[in-house]
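These notes are about the structure you will find just below.
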Number of protein chains: 2
Amino acid sequence: MAKSTNTEDKILESASQVFSEKGFNGARMREIADTAGINKGLLHYYFKTKDALFEAVFKVAFKQLISRIQHILEMDLPLYEKIDLIVDTYLGMIMKNPSLPNFVISELNKDADRFIKRNISKKETQIFAKFIALVDQEADEGKIKRIDARQLLMNIISMIVFPVLGRPIMQVIFGTDNDEFKSLLLERKQHIKEFVKDALKP
Amino acid sequence: MAKSTNTEDKILESASQVFSEKGFNGARMREIADTAGINKGLLHYYFKTKDALFEAVFKVAFKQLISRIQHILEMDLPLYEKIDLIVDTYLGMIMKNPSLPNFVISELNKDADRFIKRNISKKETQIFAKFIALVDQEADEGKIKRIDARQLLMNIISMIVFPVLGRPIMQVIFGTDNDEFKSLLLERKQHIKEFVKDALKP
DNA sequence: GTCTATATCATGATAGAC
DNA sequence: GTCTATCATGATATAGAC
């Protein structure tokens, strides 16, 4: 990831970093400016308000979190291959950006309903309808056990995202240090794929 | 839940509510006082600082989120019964307090490492060791497929907690309104139990 | 475009009357 | 214990020089 030389991009990078760590309310314009190596005045020159800057950052983060899944859901692939692809790409992406899910989800939960209404379009419904059709079809063919496609996708995404999101909780429950937990996460791709396939066996 | 008449408890209730919704940085002492029906001065009379008040609230919330699981892990039960019990009690509790996981996890992620060190004791490790032994034993007896107990528990907790935590995300991916999603959650207890048992079949 | 200096406002916290 | 009034701080945002 090459550091931007352009000022606006430098601001967006720093803002993304600070907002992710501290959240909207915890982030300080001062800290964003310092991180970007500029002064506060210049922040407001590029982005009128803190809200505007946040919007710009959040939009990118949200898209980053959701677009890969949607893309894979749209592809023409047998179910098992699709599941493997989701697990590999999504868990990989999240382990590279472990603060991303917490950032998006925390902020989203502050004003969930408004956001949901703004972001559900026909497109989402159509993409997902395709996945439902695939699951039903493979069940018809006897390749997998019959299952509610929504519950199935929810299971998969949960098992991918939650361990990273809830790492502190899990470590306390397990009584596990950072290193041991990290190795658990590394084994997780393989584990989830097998677990889901076992659950789907007809 | 009877409203407290005692002032300190009234403060704690209001603080819990406001902190859960807004987080530490978003919460205002002013709003907490208003919600409790008292003035700001009195807040500081009972709890010297905002930090102190937060600590008191967070402690309870964290315990609420983690103690049930630990309690069930400690019980003497066959694995399947234990799993059913975890799913039923935990999902029930979280659906009654949907903002609880987001609150605890968001705040925890702000300073994860310090917290983990403070909260891992021998006790946690011992409780969890018992669960590992149970899983291994039932695998030895051929009752279930051999599996890493840590991954198994992580799967179960993920599937319980994440859908409530990441509801906004899931609704956008599904293109689903609040009512439909709620009915999905209601079916979820049964679904998770079956899904896990299918995955564990030898 | 970039900086410094300043205006404006809201918040957490305190002091002191009752 | 409870209230009102006030302080001190630190934040966003703006104005204006360069």
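The sequence lines fix the lettering, A, B, ..., with proteins before strands; numbering per chain opens at 1.
A salt bridge links B/Glu180 and A/Arg150; the closest N-O separation between the charged side-chain nitrogens and carboxylate oxygens is under 4.0 Å. Comment: B/Lys182 does not engage B/Asp179 in a salt bridge, judged by the lack of any side-chain N to carboxylate O separation of less than 4.0 angstrom. Between A/Asp84 and A/Lys197 a salt bridge is recorded (basic side-chain N to carboxylate O distance below 4.0 Å). Ionic pairing of A/Lys110 and B/Glu21 is not present here: no N-O contact between side-chain nitrogen and carboxylate oxygen is shorter than 4.0 angstrom.
Residue-level contact check: B/Ala27 touches the backbone only, with heavy atoms under 4.0 Å from sugar-phosphate atoms and none from bases.
Between A/Tyr46 atom OH and D/dA13 atom P the separation is 18 Å, expressed in whole Å. What separates NZ of B/Lys40 from P of D/dT4 is a distance of 11 Å, to the nearest Å. Spacing between atom CG of A/Asn39 and atom C1' of D/dT14 amounts to 13 Å, rounded to whole angstrom units.
In summary, contact between chain A and DNA chain C, defined as any nucleotide atom under 4.0 Å from a heavy atom of the protein, begins and ends at C/dG1 to C/dT4 in the 5' to 3' direction.
Regarding contacts with the backbone of D/dA13, a side-chain N or O of A/His44 is found under 4.0 angstrom from either OP1 or OP2.
Along DNA chain D, the nucleotide closest to A/Gly41 and the one closest to B/Tyr45 are compared, and the more 5′ of them pairs with B/Tyr45.
Nearest heavy-atom pair across A/Ala61 and A/Phe103 is CB-CE2, 3.8 Å.
With ring centers used as reference points, A/Phe62 lies under 6.0 Å from A/Phe115.
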